[in-house]
Asks: 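Input: one structure, supplied below.
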Amino acid sequence: MTLARVEDRRLVTGRGRFVADLVEPGCLEAAFVRPRVAHADLAGLDVTVARSMPGVHAVLTADDLGGVDDVPALFGGDDLPPWRPLVVDRVRHAGEPVACVVADDRHRAEDAAGAVVPDLRELPGRPDAATALAADAPLYDGHRDVVLDQELGEPVAEATWADAAVVVETDLRQQLLAPTSLEARAILVRPEPGGLTVWCSHQYPHALRDGLAAALGLDTGAVRVVVPDVGGAFGGKSPTFPEYVVVAVAAQRLRRPVRWVEDRTEALWAATRGRGQAQRLRMAADAEGRITAIDLHVDAAIGAHPVGAGIPVQTGLAASGAYAVPEVHARIRAVLTTTAPTFAYRGAGRPEAAYAVERGVDLLARRLGLDAVELRRRNLVRDFPHDTPTGRRYDSGDYAAALDRALELLEPDTWRAEQARRRDEGGRPLGVGVACYVERSGGEPGILEEYAVVEARGDGGFVAGVGTSSTGQSHETVFPALVAGVLGVAPDRVRLVEGDTAAVPEGHGSFASRSLQMGGAALHGAAGALVVAARERAAADWGVDVAHVGWDGGTLRSGERETSVAALAPLCAEHRFSSPPAFPYGVYGAVVEIDPELGSVDVLRLVAVDDYGTVVDHGVVHGQTLGSLTQGLGQALYEDVPLDADGVPRLEQGLLDYLLPTAAEIPPLRLDETAVPAPDNPLGAKGAGEAGCIGVPPAVVNAVADALDGVPGADPSLLAMPLTPATVWNALWGGAR
Amino acid sequence: MGWGPVKPPPFDLVQPGTLVEALVALDAEPDAAVLAGGQSLLQDLRWRRFAPPLVVDVGGVAELRGVTVDDDTVRLGALVRHVDLERGAVPGPLGTLLAETAGWIAHPPIRSRGTFAGSLAWAHPAAEWTAVAAALDAQVELASRAGYRTLPAAEFLHGPGATARRPGELIIAVTLPVLGEGTATGVAEHRRTHASFAHVAVVAAVDTEGDEVVRAHLGVAGAAPTARRAHAAEEALLDGGGPAAAADAVGEDIDPVEHPHADVDYTRHVAAVLVRRVLERLLDGDREAA
């Protein structure tokens with residue numbers, strides 16, 4: 001089934017309503033002062049000129065935030081350094097806000113922000129985990145730099161390494177990525193008597209409600225968060241950001257609505273990053289190519305505030321990949337660095353794991369002289385549920401079937417023949433790469449539940465409320481149809497309500513590919529519960545056994561009696577769905593050609609076969625695959641936040657320096673799905689949002705490494721993402737040029 | 001104005017209708033910025049890279065429009081846009097070169113805004129037009145209330161964002177030499193995505209008699225603080241060394257700076273490869289290059 005997207009007419013005709021579009025009388029605009037140093041003592045901050053400038057209503061600094069609590073930590077480690085909404089005495093990443101100007105309009109706010117004079121005494125920075133671990137003093141006095149040090153699985157026995165036919169070992173790098181949603185962060189706060197109404201471009205409105213209430217010392221019920229149209233999030237919009245706390249404080253103090261719309265420059269400098277791992281991988285296999293051990297050590301550069309310190313744990317949890325491996329061990333360290341906070345970005349820990357494991361599998365295959373696909377096939381998990389040594393329970397699947405389908409689409413034999421011809425006769429190096437992945441969708445304990453309510457109204461319509469919150473995932477299209485399907489009514493009789501904490505009392509938002517899996521399942525349950533409630537009400541009214549009351553598309557019948565459910569209004573039913581996580585999986589393949597002189601990589605074919613469990617709407621799922629694989633190409637080939645020696649981003653030209661793939665970069669695609677239902681989900685659904693980000697990077701890098709294999713003197717171990725032409729050229733020459 | 005994503009610093013705006021009015025306005029404010037296409041100025045204003053007290057929008061100055069072709073030269077008015085050249089506003093081999101070059105500049109919305117003269121005024125080191133100007137010894141016509149002067153590209157282009165243009169001066173036109181009917185022209189460019197800046201761009205115009213190269217114009221952008229004419233490479237070509245010798249020699253013509261994703265050695269290598277490829281294409285009919 002593919003439904004026409006209900007939201008498209010509004011969005012593509014310029015009638016979407018984003019935070020920046022809201023018309024709020026008397027609304028002031030905020031701009032932040034963001035020094036472009038990575039690490040510096042803030043010895044002074046002169047705001048006198050700025051405060052006197054025309055149209056300026058307030059210039060807030062840390063001194064003005066005495067009664068405001070710390071920025072809420074999403075990560076629950078102990079001994080965490082405090083995160084103040086504005087810098088108190090030390091800047092710890094480039095772009096960290098030291099002051100906030102609130103003015104009549106953004107122009108005046110920017111003018112005054114430019115007149116704020118911070119007195120900065122620069123300190124050496126620590127741009128990556130290795131530098132941070134070698135630093136003399138901690139980044140925060142009295143707090144450890146290693147905010148998380150966690151082992152998953154048992155350490156691999158020495159005998160396993162010793163007995164292996166082959167052991168491979170490699171260092172891998174996950175560059176920092178900017179989760180570049182079309183709309184950056186945005187918030188509008190309107191003070192209310194005793195509370196706040198907040199409009200925010202956000203993934204998790206109930207958490208923002210709770211976070212702002214905690215920071216400002218308000219009752220949760222005094223804060224209402226409304227999420228209007230959102231121009232993408234990709235993981236970067238679920239925290240309660242310091243800027244949000246400051247804007248809320250400003251609105252309270254000034255008794256005026258205040259808005260902040262992050263611009264692209266701010267987003268590239270100061271918003272959260274994704275990835276950012278240094279990995280050390282060790283893998284062993286026996287002579288038949290059975291993987292006997294995986295050991296993965298991750299040092300994650302977590303940035304100056306450890307809001308995302310839990311993300312790299314996902315990498316350890318996923319360290320088995322798609323394979324049945326007897327011994328798997330991971331050690332994950334999250335280390336404070338002088339960079340913007342590293343947080344969730346589409347995939348959030350799983351792309352990092354898949355990349356390591358899938359690069360390692362190719363290395364094993366080369367060392368064993370085995371075909372890399374065959375080696376994968378020999379190790380795929382085949383029996384479910386499957387418990388991994390690092391603590392995951394893979395729920396269901398037919399991994400081998402996905403591999404078979406991917407090979408049909410990839411046609412590796414044809415390309416191998418062409419590769420051999422070129423190696424004999426000359427021609428651009430050509431390579432074929434494959435990657436399998438298993439990821440986790442739905443979330444982790446604490447958010448593996450979702451709330452929904454369905455109400456029958458007197459006008460014959462239904463209102464469906466759910467705790468998810470769309471940032472572009474087609475909820476308006478899919479959810480009403482899903483509810484309508486259960487109720488047996490036309491979809492246009494069901495209106496969806498979400499993204500408003502006043503309208504839906506609880507919820508966990510949209511991330512971790514959880515909307516359909518968790519929210520859809522909750523709606524499914526609530527709609528079913530409404531049918532039961534309606535039948536019970538009718539049975540009571542009619543004095544008959546509920547077993548004798550039937551439901552038919554909103555009409556209740558028992559014998560000769562008949563009533564519309566509308567006549568029973570108000571009638572509503574809630575449902576709280578909870579389940580273990582689900583484990584989507586798939587197989588990706590890439591064929592690449594390299595310009596041997598310039599190092600440019602041309603992707604000739606990209607194959608994706610994903611299994612998202614039962615697919616409810618093929619159009620939506622296809623869109624998710626396209627979007628995520630494009631961002632996967634971004635990580636593989638283009639995107640990177642290059643840093644100077646202290647951690648200042650080298651992104652002077654914005655998106656001319658941070659290169660995003662566009663439609664012109666999308667290679668020829670061959671996409672398909674398999675659909676093994678999720679056993680723990682009433683819809684059979686698994687999450688579909690992140691696959692391409694996980695599968696594409698290892699498939700592309702494996703293909704480039706394969707191409708280099710045929711070039712005398714080339715050294716594939718020099719490949720690191722993004723595979724810029726200069727990087728590939730250097731690897732082509734084995735680092736000798 | 002209320003809030004908005006476009007948020008330049010405050011400035012005064014004048015929109016002169018004649019060249020004289022434009023020059024008077026520029027004369028009155030030495031730090032004025034000139035707005036022609038706005039391809040770069042508007043972006044830099046939004047970024048608050050600088051804060052000109054006055055912006056002089058010359059879009060309405062009729063004297064700056066149009067292309068004038070005579071026997072020896074083609075004069076591009078300061079308001080001639082990339083898209084005009086892409087669509088063939090200039091005839092002959094020069095027009096072919098300009099059209100091919102224009103096609104490499106950013107993407108269509110930008111080509112419909114930006115101007116040839118504005119690109120020279122901005123002097124981005126990787127701008128394709130600066131390579132054309134350097135290769136062909138373009139003459140940059142400057143006007144001010146004090147009078148007129150003309151500078152060759154090599155004297156006009158100083159470095160990243162820096163030119164010989166003085167306060168009060170306006171580029172009114174750029175003059176290029178007409179290329180002979182037999183001149184072969186071509187562009188080779190390397191960049192990371194379709195919409196990104198050139199990493200290195202090479203433009204070439206070559207005349208041959210038999211197998212002998214008798215005239216050569218080579219310009220390189222992206223491999224020095226500003227675009228340069230590749231004299232050493234041209235010399236190698238005129239000496240009969242062919243594309244390979246020109247590629248070897250271009251190293252003497254350039255002076256790359258380090259980029260986050262390209263070190264100096266790589267950039268030197270890319271320049272050499274592009275020189276060889278474009279010349280092979282022109283001289284050997286090898287259409288596969290670049």
Side-chain angles (χ1 to χ4, degrees), chain A residues 20 23 27-31 103-111 113-114 183-184 188 259-265 428 595-601 634 637-638 640-644 649-665 722 724-727 729-730 733 737, chain B residues 1-11 39-40 43-51 106-108 110 124-126 160-161 188-200 247 256 258-277 280 288-290:
Chain A
V23 177
C27 189
L28 303 173
E29 302 289 334
D104 284 334
D105 57 48
R106 183 65 177 259
H107 295 248
R108 289 181 174 84
E110 295 273 347
D111 291 347
E183 180 203 29
L188 192 161
R259 167 167 35 207
W260 171 60
V261 177
E262 182 178 51
D263 70 18
R264 185 62 59 198
T265 306
R428 295 191 166 190
D595 180 328
E597 289 187 307
L598 297 177
S600 311
V601 175
L637 297 175
Y638 309 114
D640 183 22
V641 180
L643 303 171
D644 76 5
R650 298 182 65 185
L651 296 171
E652 282 301 317
Q653 302 276 344
L655 290 179
L656 289 170
D657 287 331
Y658 188 88
L659 295 186
L660 296 171
T662 66
E665 272 66 52
T724 64
T727 297
W729 179 74
N730 188 51
W733 289 98
R737 289 288 292 267
Chain B
M1 275 299 291
W3 61 273
V6 177
K7 43 185 173 45
F11 58 83
Q39 171 193 345
S40 304
Q43 177 99 311
D44 273 17
L45 287 174
R46 192 194 73 79
W47 272 332
R48 294 188 170 229
R49 284 248 170 78
F50 67 117
H107 39 72
I110 284 177
H124 190 284
E189 180 164 316
H190 177 56
R191 55 181 171 185
R192 289 182 55 207
T193 66
H194 287 78
S196 57
F197 270 134
H199 175 210
V200 179
E258 188 256 346
H259 293 286
H261 292 299
D263 63 24
V264 168
D265 284 350
Y266 176 69
T267 302
R268 298 185 79 84
H269 169 76
V270 169
V273 170
L274 297 182
V275 165
R276 201 202 69 233
R277 284 185 180 181
E280 282 176 352
E288 200 228 351

Asks: Look at B/T193, B/V270, B/V273 and state which one has the largest set of heavy-atom pairs under 4.5 Å with chain A.
Replies: B/T193
Asks: How long is the gap from CH2 on B/W47 to OG1 on A/T265, to the nearest 0.5 Å?
Replies: 6.0 Å
Asks: Could you look at B/H190 and say if it's the side chain, the backbone, both or neither that has a heavy atom under 4.5 Å from chain A?
Replies: side chain
Asks: Just give me the residue among A/D595, A/D657, A/L660, A/T727 that pairs up with chain B most often, heavy atom to heavy atom, under 4.5 Å.
Replies: A/D595
Asks: Looking only at heavy atoms and a cut-off of under 4.5 Å, which of A/P642, A/P725, A/C27 has the most pairs with chain B?
Replies: A/P725
Asks: So for B/R276, is it side chain, backbone, both, or neither that comes closer than 4.5 Å to the heavy atoms of chain A?
Replies: side chain
Asks: Less than 4.5 Å apart, any side-chain heavy atom of A/E597 and any of B/R277?
Replies: yes
Asks: For the CZ atom of B/R49 and the CD atom of A/Q653, what is their distance to the nearest 0.5 Å?
Replies: 4.5 Å
Asks: Where does A/L598 contact chain B at under 4.5 Å (heavy atoms): side chain, backbone, both or neither?
Replies: both
Asks: Check whether any side-chain heavy atom of B/R48 lies under 4.5 Å from a side-chain heavy atom of A/D111, and answer yes or no.
Replies: yes
Asks: Charged N to carboxylate O under 4.0 angstrom, B/R192 versus A/E665?
Replies: no
Asks: Does any backbone or side-chain atom of A/D644 lie under 4.5 Å from a heavy atom of chain B? Answer side chain, backbone, both or neither.
Replies: neither
Asks: Nearest 0.5 angstrom please: A/S600 OG to B/R191 CZ, how far?
Replies: 12.0 Å
Asks: Atom CH2 of A/W729 and atom CG of B/D263: how far apart are they, to the nearest 0.5 Å?
Replies: 7.0 Å
Asks: For a quick test of reading the model, state the closest non-hydrogen atom pair linking A/P722 to B/H261 and the distance between them.
Replies: CG-CE1, 4.3 Å
Asks: Considering only heavy atoms, which portion of A/L637 lies under 4.5 Å from any heavy atom of chain B: side chain, backbone, both, or neither?
Replies: backbone
Asks: Is the closest side-chain heavy-atom distance between B/P8 and A/E110 below 4.5 Å?
Replies: no
